[in-house]
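Accompanying notes for the structure given below.
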Amino acid sequence: MKSIDNMPKTYDPKGTEDRIYENWMSKGYFHAKVNPDKKPFTIVIPPPNITGQLHMGHALDNTLQDVIIRFKRMQGYETLWLPGTDHASIATEAKIVDKMASEGLRKEDVTREQFLERAWAWRREYGGRIVSQLKKLGSSCDWERERFTMDEGLSEAVTEVFLRLYEKGLIYKGERITNWCPRCNTSLSDIEVIYEEQEGHFWYINYPFEDGTGSLMIATTRPETLLGDVAVAVNPEDEKYKPLVGKNLILPLVGRKIPVIADEYVELGFGTGAVKITPAHDPNDFNVGQRHGLEIIPIMDSKGFINGNGGKYSGLDRFEARKQIVKDLEAEGLLVKTEPHRHNVGTCQRCGTTVEPFVSSQWYVKMKPLAEPAIEAVRKGDTAFVPQRFENIYFNWMENIQDWCISRQLWWGHRIPAYYCNKCGRIIVAKEAPEACPDCGSDDIYQDPDTLDTWFSSALWPFSTLGWPRRTPELSYFYPTDVLVTGYDIIFFWVARMIFSGIEQMGEVPFRKVLIHGLVRDELGRKMSKSLGNGIDPLEIIKDYGTDALRYSLISGNSPGNDQRFLTSKVEFARNFGNKLWNATRFALMNFDENPDFSRLDKSKYTAEDRWILSNLNYVIKEVTDNMERYELGVALTKITDFTWDLFCDWYIELVKPRLFDTANSTRLECQYVLNQVLVTVLKLLHPFMPFITEEIYGNLYKDCESIMISAWPAYDPELNDPAAEKSLGTVIDAIKAIRNIRTEMNVPNSNRTEVIFAAEGEVASVIGKSSGAIQRLGYASSITVTADTGEAPKDSASAIIPGVKIYIPLRQLIDIDKELARLTRELDNINGELSRVRGKLSNEGFISKAPEKLVLQEKEKEAKFEALRLETLKRIDDIKALMNS
RNA sequence: GGAGGCGUAGCUCAGCUGGUCAGAGCGUUCGGUUCACAUCCGAAAGGUCGAGGGUUCGAACCCCCCCGUCUCCACCA
């Protein structure tokens, strides 16, 4: 049975992809082992959240990784792509809380243990969803090594790191002002706050002096914080206010006596020049307060309601309180005016709620000592970003880094390994709860209720997943990893933190390269988002077009670091391309002998087109390999496509048909061999990008070969480069194009075969002669004649002149002289244009003397070529004109 | 207030270290039932590479400035 029987006219990914993926899995191709005989190549996956569903961002990110890992696997590396998921403390906790809300329960209604049981149940139920979606993408992850950030081992790593950093004094607990989300009811790190511009107001308020000598006007965007004011600050250089410093004001609505203080934080000339100071609810005010030893009066609880310090406003929501306070100030005549004011408001990255700066006791990582070596490592190039410009973003952030607030008032996550003695207050940081307080001996000890920022555990991902803190063989073999692939939106959250964690814990950067990609946007260039409802589901695309088409569309035309739009037309193109390759294979198989005996192959019988296609294929191998090594995957894919579709399908296969159709042809076997050779090479080059269809085709082509994914990456072989064949085929192709062009312009229908006469000599004549069968076929010619150049054109013929050859098509009554003249005149214009450009260069002394010799020579050759063409074309035009006049 | 990206055919975008770089796909127009493929084949039209200046023998590519646009960081009450 011929393999072609398994190949319908159109490739259908349905069913095929799952079957192939299961086969790969069952063969264990994805599994990596410690193998001293091979060089390792490692990628750790950016672990998707267990709350996540596959979106286009994941699809792009993981396709990139899969392309790279498949490429490296074929190159012979021991490749590990280590997968896993992230517990995503805040996101998952929010999901659980939501789910409980639907049951009419609040978080407070259950115990911590009950809550965690729900969370684990949730993880069991949904945590695998994203994993199975990644498999649909074709991801060749080593699933045997799948990890979860709250696995026992990874949790152990978290505790270990916490302990180590604590012992080095790099983790501390402090009473500070932090960003707080009243809805999530937890502290946030600086980067979890998203600033967005909102319409707000400037309220101008008079604060009366204690001594009754008038009042001082301040401006604020958050009047409710007035309840916590402890001072009003002015710039020490402000002449207007200098005399007032030291005097006391009466805080409106509250009646508290507060001083006027001088502090440089107040900017001269902005607003009223006087700033109310609320250390408990504003980071800048907090700093001012610290400098001046001011009291901190918190006026809100953790959920954003005014607390007992707020007097009659106590119990009101912060925004309610704002309204009420403005109203009351107005009533007391202290509100001077209200102005509209656009300003940035911090919102919670997770839920969008306005963040409230809040003084609380939190755990922090001291960043400066960790950041320095991390900056240095990237400067030295131990880790390089692709594209490099992202290093600036990294440096900028790392150099100005603030301490990292790592404690969260959440339950789902790694609980902070700190214990407190209830009796003496001693803090004990340890792996296990101590039996008794080392200071006072009390056994009344409790663990810190807080958990760690999710990113604290993700920061350890490149080594915790490999077994750290144990010195496993995997760790020493696969670490440091080779490339990390992620979006630019996650550089601060994750990449930077992995770098300093890797250096600190492992003494070595976690990865050599960071490949940064952009966002996948919708057709209009908008960010895909839930609220806009413009997201495109990758799984839908896979259903409609197949995984390969999706992958292709995400990689082609994409360059590192840049956003891209998702266009359905691209997916269609990709599907069509797969189909093209599919059919090229069908063609090959149809024209192969049952069991071709390639041992009888005689390479000396290769024709020009054989050598030509092999030569070009060879260049493609080199270029594609180079591009892929540099992570220019989009460029690589384009080159494979162009070669396959244009050179291979449209030219080589067409040129070679006469040889294949003639079973007696003496070079038929060679042709079959080359066809097969090119095809399988293209399949291999393409496999990382389109793994399924290439595997399916490969299976049809080679019944006895195991799998393309474990085959060897094509090698560049300089021996195959054949400039002579390239030149010959260049002439043949140009000739065919010229003939087609003439025929189209003259409106000659395909059914009307015409005679074609070539006037050429020597080498060129021989080339044309040898390819006459193909030219006849592709040029719709009734016959091909090669003659010596007499300078005379056959009667009533259209003509084209290409270097070394004149082509005549006697059209008899079909000839339209006017059209022919117009065509030739246009041709002449082009030639003249080229000629003047070349001559311009050559007449430039600077060019002659300074440009590389080779280039000058090239231009001179060009001049000669175009001059010859010009003369010939001119002559043709004259001939035609003469014809018209006769 | 800092930093950066983008602005190339109607649309979406490639163009690495300056010298066939003016390209691709889609779309458009015209023509095709060629025995692999209409998810196809052939032919064509379309751009002074945002504007201006500079460096250079030579610039879409380097420098300056401007315009438009997007993003990140900082965050002035």
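Below, chain A is the first sequence line, B the second, and so on; all start at residue 1.
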RNA chain B contacts among residues 740-749 of chain A, heavy-atom distance under 4.0 Å: R740(A), N741(A), T744(A)
Do you see a donor-acceptor pair shorter than 3.5 Å between the side chains of Y552(A) and T641(A)? yes
Nucleotide C37(B), atom C1' - distance to CG of L589(A) in whole Å: 14 Å
With no hydrogens and no angle check, just 3.5 Å: does a side-chain donor-acceptor pair link N392(A) and R389(A)? no
Can you identify which nucleotide, out of A36(B), G19(B), C57(B), has its nearest atom closest to the L855(A) side chain? G19(B)
The answer to which of D190(A) and A274(A) contacts RNA chain B further toward the 5' end, by nearest nucleotide, is D190(A)
Test side chain to side chain donor-acceptor pair (under 3.5 Å) on H517(A) and N558(A) and set out the steps. CA-CA 9 Å; H517(A) 63 253; N558(A) 180 233; over 6 Å; no
As a test of reading the structure: which of G19(B), G25(B), A36(B) is closest to the side chain of F587(A), going by heavy atoms? A36(B)
N-O pairing of E820(A) and R823(A) below 4.0 Å: yes
NA contact type, D650(A), heavy-atom cut-off 4.0 Å: base, sugar-phosphate, or nothing? sugar-phosphate
Relative to the 5' end of RNA chain B, which residue comes earlier, Y488(A) or E859(A), by the nucleotide with the nearest heavy atom? E859(A)
N576(A) has its side chain closest, among U39(B), C73(B), C37(B), to U39(B)
Donor-acceptor pair (no angle test) under 3.5 Å: K580(A) side chain, C37(B) base: yes
Output one letter per nucleotide in nucleotides 12-18 of chain B: B when a protein non-hydrogen atom lies under 4.0 Å from the base, S when only the sugar-phosphate is that close, - when neither is. SSSSB--
Anything under 30° is parallel, anything over 60° is perpendicular, the rest tilted; go ahead and classify W582(A) against Y11(A). tilted
Just how far is it from atom OH of Y241(A) to atom CD1 of I261(A), taken to the nearest 0.5 Å? 14.5 Å
N591(A) CG to C37(B) C1', straight-line distance once rounded to whole Å: 13 Å
Please confirm whether any donor atom in the side chain of N344(A) sits under 3.5 Å from an acceptor in the base of C75(B), or the reverse. yes
Would you check if there is a donor-acceptor pair between the side chains of N616(A) and Y652(A) at a distance under 3.5 Å? no
Out of A77(B), C26(B), C37(B), which has the shortest distance to the side chain of N583(A)? C37(B)
Measure from the side-chain heavy atoms of N750(A) and tell me the nearest of G19(B), U34(B), U39(B). U34(B)
Pairing residues for K639(A) by the salt bridge (charged side-chain N to carboxylate O under 4.0 Å, His left out) criterion, not counting sequence neighbours: E623(A)
Syn-anti status, with the boundary at 90° from 0, for the nucleotide G52(B): anti
